[in-house]
*Asks:* 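First, the structure itself, so that you have it in front of you.
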Amino acid sequence: MVRPRPGMAAIDLACGTGQWTRRLAAWGLTVTGIDSCDKAIVQAQTAGAHPGLRYMHWNIVADPIPAELAPGQFDIVTCRYGLAHLEPGRLLTDVGRWLKPDGIFYALVRVDPAPSLGDRTGGAHHGEQLAEVSRFPDDVSEEYVRHLGAGWAYRAVHKLRPHRRVIVLSEYGIEHPKSAELVPGQSKFGLRPALPSSQDPAQDLPSTSGDHS
């Protein structure tokens with residue numbers, strides 16, 4: 001799906017303490033980890049250094065875009081478990097501008113198919129809307145996943161275990177005569193399974209076999 005190569009330029013959005021950012025750097029990418037939490041950035045900076053690795057404090061939702069994030073400069077932008085805290089419309093537009101024409105946006109989300117309040121209390125009354133109940137603050141719904149990707153020429157969603165999805169978007173703002181969704185295992189501009197996996201279950205990445213549970 002995404003095959004990183006040494007020398008590629010990457011951004012890791014909502015990097016937290018930098019575990020995934022350091023992994024990208026270890027694969028030879030020049031990577032900038034970005035997070036809005038000062039304490040997380042400090043922990044990331046003290047956790048270990050790699051050539052081509054740096055961190056930046058930035059509130060993605062509220063602050064102006066830093067000058068360092070110039071259009072068309074990056075091969076890969078990643079965001080692991082951070083989409084639930086961001087405004088997807090603005091974010092995906094900005095990401096599309098930062099990426100090179102054949103660049104890739106890679107997001108990992110946790111999906112919670114929790115029953116609605118109505119299901120838990122015997123049903124809603126008088127047509128009231130049912131609110132989704134989430135077990136984790138960074139969960140998103142399947143509906144949220146289905147609506148991500150407007151304006152991108154290619155889109156793929158891979159299932160990792162019952163509650164995890166990987167979303168891959170490519171070619172923002174480019175129209176193709178026969179544009180269609182990528183399917184797992186389909187090759188397009190280097191979109192092939194997969195980024196290397198690790199022993200940490202939270203680091204598992206998709207293969208064409210689907211669910212890894």
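Residue numbers start at 1 and run along the sequence shown.
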*Asks:* Is the backbone of T17 close enough, under 3.5 Å, to the side chain of R22 for a donor and an acceptor to pair up by distance?
*Replies:*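 Such a contact is found between R22 side chain and T17 backbone.
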*Asks:* Please round to the nearest 0.5 Å and tell me the distance separating atom CZ of F105 and atom CH2 of W152.
*Replies:*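 Nearest 0.5 Å value for the CZ-CH2 distance: 7.0 Å.
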*Asks:* Test: side-chain hydrogen bond (donor to acceptor under 3.5 Å, both in side chains). Region: residues 39-55. Which pairs qualify, not counting sequence neighbours?
*Replies:*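 As it turns out, the side-chain hydrogen bond (donor to acceptor under 3.5 Å, both in side chains) pairs with a partner in residues 39-55, which skip direct neighbours, are T32-R54.
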*Asks:* Of the non-hydrogen atoms in I41 and G33, which two are nearest, and what is the gap between them?
*Replies:* CD1-O, 4.3 Å
*Asks:* Restricting to non-hydrogen atoms, name the atom on G48 and the atom on L53 that form the minimum distance, rounded to 0.1 Å.
*Replies:*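 In terms of heavy atoms, the two residues are closest at O-CD2, 3.9 Å.
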*Asks:* Mind checking the CD1-CG spacing from I104 to D75? Nearest 0.5 Å is all I need.
*Replies:* 9.5 Å
*Asks:* My understanding is that only residues two or more places apart in sequence, or in another chain, count here; which of them pass side-chain hydrogen bond (donor to acceptor under 3.5 Å, both in side chains) with D38?
*Replies:* H57
*Asks:* At what distance, to the nearest 0.5 angstrom, does CG of L92 lie from CG of L169?
*Replies:*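 One finds 6.0 Å between CG of L92 and CG of L169.
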*Asks:* List the atom of A10, the atom of L29, and the distance in Å for their closest heavy-atom pair.
*Replies:*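 Taking A10 first and L29 second, the nearest heavy atoms are CB-CD2, 3.8 Å.
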*Asks:* Are the side chains of T93 and Y172 in touch, meaning some heavy atoms are under 4.5 Å apart?
*Replies:* yes
*Asks:* Could you report the tightest heavy-atom contact between L83 and A107, atom names first, then the distance?
*Replies:* CD1-CB, 3.7 Å
*Asks:* Among I11, I76, V77, find the one that has a side chain to side chain contact (heavy atoms under 4.5 Å, CB included) with L99.
*Replies:*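 The option that passes is V77.
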*Asks:* Mark yes or no for whether R90, through its side chain, and I60, through its backbone, hold a donor-acceptor pair below 3.5 Å.
*Replies:*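 At least one qualifying donor-acceptor pair exists.
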*Asks:* When rounded to the nearest 0.5 angstrom, what is the spacing between CD in Q19 and CG in L24?
*Replies:* 11.0 Å
*Asks:* To check you understand the geometry: which heavy-atom pair defines the closest contact between S170 and G103, and what is its length?
*Replies:* OG-O, 3.6 Å
*Asks:* Honestly, is R110 close enough over Y81, meaning NZ or CZ under 6.0 Å from the six-membered ring centre and within 45° of the axis?
*Replies:*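 Cation-pi check for R110 and Y81: passes.
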*Asks:* Would you compute the distance between atom CZ of R165 and atom CG of L160 and round it to the nearest 0.5 angstrom?
*Replies:*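 Taking CZ in R165 and CG in L160, the distance rounds to 8.5 Å.
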*Asks:* Within the 4.5 Å heavy-atom criterion, are L69 and F74 side-chain neighbours or not?
*Replies:* yes
*Asks:* Does the D12 side chain pair with the main chain of C15, one donor and one acceptor, at a distance under 3.5 Å?
*Replies:*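 No.
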*Asks:* Please give me the minimum heavy-atom distance between S141 and V111, naming the atom from each residue.
*Replies:* C-CG1, 4.1 Å
*Asks:* Cluster question for you: counting only ILVMFWY and a side-chain heavy-atom cut-off of under 4.5 Å, with indirect links fine, are W58 and V42 together?
*Replies:* no
*Asks:* With a 4.5 Å heavy-atom cut-off, do V95 and L13 have their side chains touching?
*Replies:* yes
*Asks:* Please check: side-chain N/O of D35 versus main-chain N/O of G16, any donor-acceptor pairing under 3.5 Å?
*Replies:* yes
